[in-house]
S.K.: 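Can you read through this structure? Questions will come right after.
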Amino acid sequence: FGRHARFDDEPCEVVSDIRPEPELKQDYIERNPVITTVQVVPDLSEHEANTQQITFADRGFAHVEGGWPKEVDPTEPEHVIRYRKKVEKDEAYIASVAALGAEVEDLVRQNNAVDIYEEYFAGSQADHSSEQPYAKTLTVFRDPCEIKRGASYISWNPDVENRKCAVAYSILGFQQQPEGMHLSSYIWDVNAPNEPDFELRGPSQLCCVNYNPKDTNVLSGGMYNGQVGYWDVRKGHTPVDTSPIEKSHRDPCYDMDWLQSKTGTECFSVSTDGMVFWWDTRRLGEPVEELRLVEKSNPDVVLGAVSVEYESIAGPTKFMIGTEQGTVLMCNRKAKNPADRVGTSYHGHHGPVYSLERNPFNPKYFMSIGDWSARIWMEDLKTPIMTTRYHGTYLTGGTWSPTRPGVFFTIKADGEMDVWDYYYKQDDPTLSVKVTEGTPLTSFNVQDTGRLVTVGAADGSATLMELCEGLYTPQPNEKQSVNQMFDRETKREKNLEAAAKDARNAAKRAGNRRDEFKEVSDDAIAEVEKNFLNMTVKSGETFSDKSPLDA
């Protein structure tokens, strides 16, 4: 029935022995000379083929029960049982079952003999270390509006089988929105990239948009006027509900994220007004909770937020904020002391932190992208453990690879995307792709499979690219090696921090000794000398007030 043949080792045996026959040589005549033709260039053939364009269409089928006689009501169990007993007693029924049983028996035996789900190369992994990495452009999603707006935010559908991504379009420059500018953002389908799959309309232009991980039909969005809303693609193009403008942010809502909750309706938003608002999409009349972003060391200065990072693995109440002042804040919504809700501050960037994300394989390490570099941090240290070299242009975003622990992406203002693979080298990017000709890249996101990435630009284009297999397929022992590298750099940074602390303490002690010496006046020195000489005087001898050192 198609079962694979099994081979065993057997000792060799002579099956046939054919001896040479000299008589056969007399039947052949040697041809001499032999004339043949040889071309200097290889023979080539030309072939043309036209690929047929396939149009995808959705079709639905409604399966209903049928085939019953008119006198039988299939909804009545008694009628069904009575009719089945009647049919099973029929001789034709028995003959047909016997005939079909013989055909089905062969199929069942074949199915049992051949495992159609057998993996012939289970456990083997391809080595991609020697191949040259590449990324190819599949398509470009272009803003259909006449007035071109920048692609400010990209969110992939969490369902990897449903290959759709939402793109938020906006012009974030202050008072640079021309009249007649459209306020819509769009959802694009990878299989039909020529026109948007769905339109998201709102009272203001969208600055960020995010799919709900529990219900992929629901999206949340933060708007330029500070409002927060959510859409349900099953209920139309307008938002189901939006927050009142008087209860919303005072600045554009630059980023937001969904929280882990039983209802799947909780989210939080951040803005450059220095406030964090928690929302429940079932009641958007006012925030459920709010937080003012100030550091403990400087409570009078409010920090504006431009990016947020939330990962339930690190803690359901913990989140991180990237500020426009270049500081990263570690926050805890349910801190024991309200003053500790804004915890550790990480200083390292000279400009806004445009992107902030934890490593998906080791959440205690996170990456921040801002100014001219990307930095990797460890929660317990206030200094970065690894830093990319300073580039000649601003970095505007990036993220970790969801499938490889040592790979991350960065985008730059000169239109170039860099792919870094720390598993192989740390000083230079593994791959640099010129996405646009000088147009700044503004947004970036990667699908959960790690194979497809979307890069948004300031001209409204969103380029869909497919990475080579080596950039998204995990390598052998990669997770262990990358964790060892992070641990090594963490220990190194702790040692450097301890050495710097000892140097500061030594300098402080030396400074204190110099200060004590400076505080001693000349009169005090003269008085000490006089007392010393008086204590060492011989009997009957006295010394004048003049110090012998002055002679």
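Residue numbers count from 1 along this sequence. Since we're looking at a predicted model, the values are computed, not measured.
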S.K.: I would like to know whether V446 and L452 meet side chain to side chain contact (heavy atoms under 4.5 Å, CB included); could you show each step before the answer?
M.R.: CA-CA 6 Å; V446 57; L452 299 177; over 6 Å; no
S.K.: About how many Å separate CG of L395 and CD1 of I369, when rounded to the nearest 0.5 Å?
M.R.: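 Rounded to the nearest 0.5 Å, the CD1-CG separation comes out at 6.5 Å.
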S.K.: According to ring pair (Phe, Tyr, Trp, His ring centres under 6.0 Å), who are the partners of Y472, at least two apart in sequence or on a separate chain?
M.R.: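 Listed in chain order: nothing, the list is empty.
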S.K.: Give a yes or no on whether a salt bridge exists between D428 and R389, defined as a side-chain N under 4.0 angstrom from a carboxylate O.
M.R.: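 Result for this pair is yes, salt bridge flagged.
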S.K.: Could you walk me through whether I376 and F486 pass side chain to side chain contact (heavy atoms under 4.5 Å, CB included), step by step?
M.R.: CA-CA 9 Å; I376 299 176; F486 286 164; 4.3 Å; yes
S.K.: Between side-chain atoms of residues 404-422 and protein atoms elsewhere (two or more places apart, or another chain), which donor-acceptor pairs fall under 3.5 Å?
M.R.:
from	atom 1	to	atom 2	distance (Å)
R404	NE	E478	OE1	3.0
R404	NE	E478	OE2	2.9
R404	NH1	D421	OD2	3.1
R404	NH1	G470	O	2.7
R404	NH2	D421	OD1	3.0
R404	NH2	D421	OD2	3.0
R404	NH2	E478	OE2	3.1
T410	OG1	W420	NE1	3.4
K412	NZ	E416	OE1	2.9
K412	NZ	D418	OD2	3.3
D414	OD1	E416	N	3.3
D418	OD1	S432	OG	2.8
D421	OD1	Y423	N	3.2

S.K.: How would you list, by chain and number, every residue that makes a ring pair (Phe, Tyr, Trp, His ring centres under 6.0 Å) with Y134, sequence neighbours excluded?
M.R.: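 Per chain and number, Y134 pairs via ring pair (Phe, Tyr, Trp, His ring centres under 6.0 Å) with no residue.
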S.K.: Test your reading of the model: is there a side-chain donor-acceptor pair from E46 to the backbone of L44, 3.5 Å cut-off?
M.R.: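 Not a single qualifying donor-acceptor pair exists.
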S.K.: With a 3.5 Å cut-off and no angle check, do the side chains of T388 and S373 form a donor-acceptor pair?
M.R.: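 Note: T388 and S373 side chains miss the donor-acceptor criterion.
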S.K.: List the steps, then state whether salt bridge (charged side-chain N to carboxylate O under 4.0 Å, His left out) holds for R358 with E311.
M.R.: CA-CA 7 Å; R358 293 183 183 270; E311 187 64 51; over 6 Å; no
S.K.: Restricting to pairs with a member in residues 18-37, which pass side-chain hydrogen bond (donor to acceptor under 3.5 Å, both in side chains), not counting sequence neighbours?
M.R.: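 Listed once each, the pairs are D17-R19.
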S.K.: Could you check whether any side-chain heavy atom of Y310 comes within less than 4.5 Å of a side-chain heavy atom of Q260, counting everything from C-beta outward?
M.R.: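 Yes - at least one pair of side-chain heavy atoms lies under 4.5 Å apart.
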S.K.: Apply salt bridge (charged side-chain N to carboxylate O under 4.0 Å, His left out) to K164 and D197, showing your working.
M.R.: CA-CA 9 Å; K164 295 182 180 180; D197 183 70; 3.0 Å; yes
S.K.: Report yes or no: does W188 contribute a side-chain atom to a donor-acceptor pair with the main-chain N or O of A462 at less than 3.5 Å?
M.R.: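 No; judged by distance alone, with no hydrogens or angles, the pair does not exist.
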S.K.: Go through the side-chain N and O atoms of D487 and Y365 and say whether any donor and acceptor fall under 3.5 Å apart.
M.R.: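 Present: a donor and an acceptor within the cut-off.
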S.K.: Considering residues at least two apart in sequence or located in another chain, which fulfil the side chain to side chain contact (heavy atoms under 4.5 Å, CB included) criterion with T238?
M.R.: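 None.
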S.K.: If you apply the rule side chain to side chain contact (heavy atoms under 4.5 Å, CB included), what do you find for Y186 with L200, and how did you get there?
M.R.: CA-CA 6 Å; Y186 302 97; L200 301 173; over 6 Å; no
S.K.: With side chain to side chain contact (heavy atoms under 4.5 Å, CB included) as the test, pick out the partner of L219 among I187, N212, D232.
M.R.: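 Testing L219 for a side chain to side chain contact (heavy atoms under 4.5 Å, CB included) against I187, N212, D232 leaves exactly one candidate, I187.
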S.K.: Got a sec, which residues hit side chain to side chain donor-acceptor pair (under 3.5 Å) with T436, two or more places apart in sequence or on another chain?
M.R.: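 Side chain to side chain donor-acceptor pair (under 3.5 Å) list for T436, sorted by chain: empty.
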S.K.: Give me the ring orientation class for Y346 and F366: parallel if the planes are under 30° apart, tilted from 30 to 60°, perpendicular past 60°.
M.R.: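 The rings of Y346 and F366 stand perpendicular, inter-plane angle above 60°.
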S.K.: Please step through side chain to side chain contact (heavy atoms under 4.5 Å, CB included) for the pair W258 and N210, ending with a clear verdict.
M.R.: CA-CA 8 Å; W258 292 94; N210 267 307; 4.1 Å; yes
S.K.: R109 and E105: salt bridge (charged side-chain N to carboxylate O under 4.0 Å, His left out), yes or no, with the steps?
M.R.: CA-CA 6 Å; R109 288 183 177 180; E105 184 179 5; 2.8 Å; yes
S.K.: Tell me which one of T323, D371, T327 satisfies side chain to side chain donor-acceptor pair (under 3.5 Å) with H349.
M.R.: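 Testing each of T323, D371, T327 against H349, the sole residue satisfying side chain to side chain donor-acceptor pair (under 3.5 Å) is D371.
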S.K.: Compare all side-chain heavy atoms of M223 with those of Q205 and state whether any distance is below 4.5 angstrom.
M.R.: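 No, every pair of side-chain atoms sits at 4.5 Å or beyond.
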S.K.: Above 12 or not: heavy atoms from other molecules or residues under 6.0 Å from NZ of K148?
M.R.: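 Result for NZ/K148: enclosed.
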S.K.: Only counting residues at least two apart or in another chain, list the ones meeting side chain to side chain donor-acceptor pair (under 3.5 Å) with R492.
M.R.: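 Partners of R492 under the side chain to side chain donor-acceptor pair (under 3.5 Å) test: none.
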S.K.: List for me each residue that meets ring pair (Phe, Tyr, Trp, His ring centres under 6.0 Å) alongside F361, sequence neighbours excluded, and say none if there are none.
M.R.: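 Testing F361 for ring pair (Phe, Tyr, Trp, His ring centres under 6.0 Å), a comparison that skips the adjacent residues, returns none.
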S.K.: Run the side chain to side chain donor-acceptor pair (under 3.5 Å) test against T442 and tell me which residues pass, sequence neighbours left out.
M.R.: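 Partners of T442 by the side chain to side chain donor-acceptor pair (under 3.5 Å) criterion come out as none, since no residue qualifies.
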S.K.: Could you tell me the separation between the OG atom of S155 and the CG atom of N445, rounded to the nearest 0.5 Å?
M.R.: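 S155 atom OG to N445 atom CG measures 6.0 Å (nearest 0.5 Å).
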S.K.: For residues 189-196, tabulate all N or O donor-acceptor pairs below 3.5 Å that involve a side-chain atom, not counting sequence neighbours.
M.R.:
from	atom 1	to	atom 2	distance (Å)
D189	OD1	N191	N	3.1
N191	OD1	R163	NH2	3.4

S.K.: Which heavy atom of V306 sits nearest a heavy atom of P352, and at what distance?
M.R.: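 Taking every non-hydrogen atom into account, CG2-CB, 4.4 Å.
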S.K.: Taking only residues two or more places apart in sequence, or in another chain, which ones meet L381 in a side chain to side chain contact (heavy atoms under 4.5 Å, CB included)?
M.R.: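 Residues passing side chain to side chain contact (heavy atoms under 4.5 Å, CB included) with L381: I385, T490, E493, K494, E497.
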S.K.: Check ring pair (Phe, Tyr, Trp, His ring centres under 6.0 Å) between W156 and all other residues, then give those that pass, not counting sequence neighbours.
M.R.: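 With sequence neighbours excluded, W156 shows a ring pair (Phe, Tyr, Trp, His ring centres under 6.0 Å) to no residue whatsoever.
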